Amino acid sequence: MTPERSRTIEIVEFIDRKEVDPIYYDHPYYLVPSKGGEKAYRLLAEVMRRTDRAGLAKFVLAEREYLVPSPAGTEPWS
């Protein structure tokens, strides 16, 4: 079954950044808000940064669904 294409990323849950070992990353992606979503995106990023949380998100790319951690902003994982 092919997942439905979408231009959105769905945050499934929030996780502690320390729960994800960086060894599992092999493709970095950068997130940017859609037009009109900049304020909400900044607020979400700031809350995740302050609480040291990440969003566990899913998205579809090339007819394949991915489950990925989404850290706040462009900070590297440590």
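Numbering starts at 1 and runs along the sequence shown. A quick note: this is a predicted structure, and the numbers were derived from the prediction, not measured. Any value given below was found using the heavy atoms of this structure, including those in side chains, with hydrogens, waters and symmetry copies removed.
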Grouping I, L, V, M, F, W and Y whenever their side-chain heavy atoms are under 4.5 Å apart, do Ile15 and Val12 come out in a common cluster? yes
Shortest non-hydrogen contact between Asp52 and Lys18, atoms and distance: OD2-NZ, 2.7 Å
Between atom CZ of Arg53 and atom OG of Ser70, what is the distance when rounded to the nearest 0.5 Å? 13.5 Å
Smallest heavy-atom separation, Ile9 atom then Ala57 atom, equals CG2-CB, 3.4 Å
Taking all non-hydrogen atoms of both residues into account, name the closest pair between Met48 and Phe14 and its distance. SD-CE2, 3.8 Å
Hydrophobic cluster membership, Val47 vs Leu56, 4.5 Å side-chain cutoff: no
Using a strict cut-off of less than 4.0 Å between a Lys/Arg side-chain nitrogen and an Asp/Glu carboxylate oxygen, indicate whether Glu46 and Arg50 qualify as a salt bridge. yes
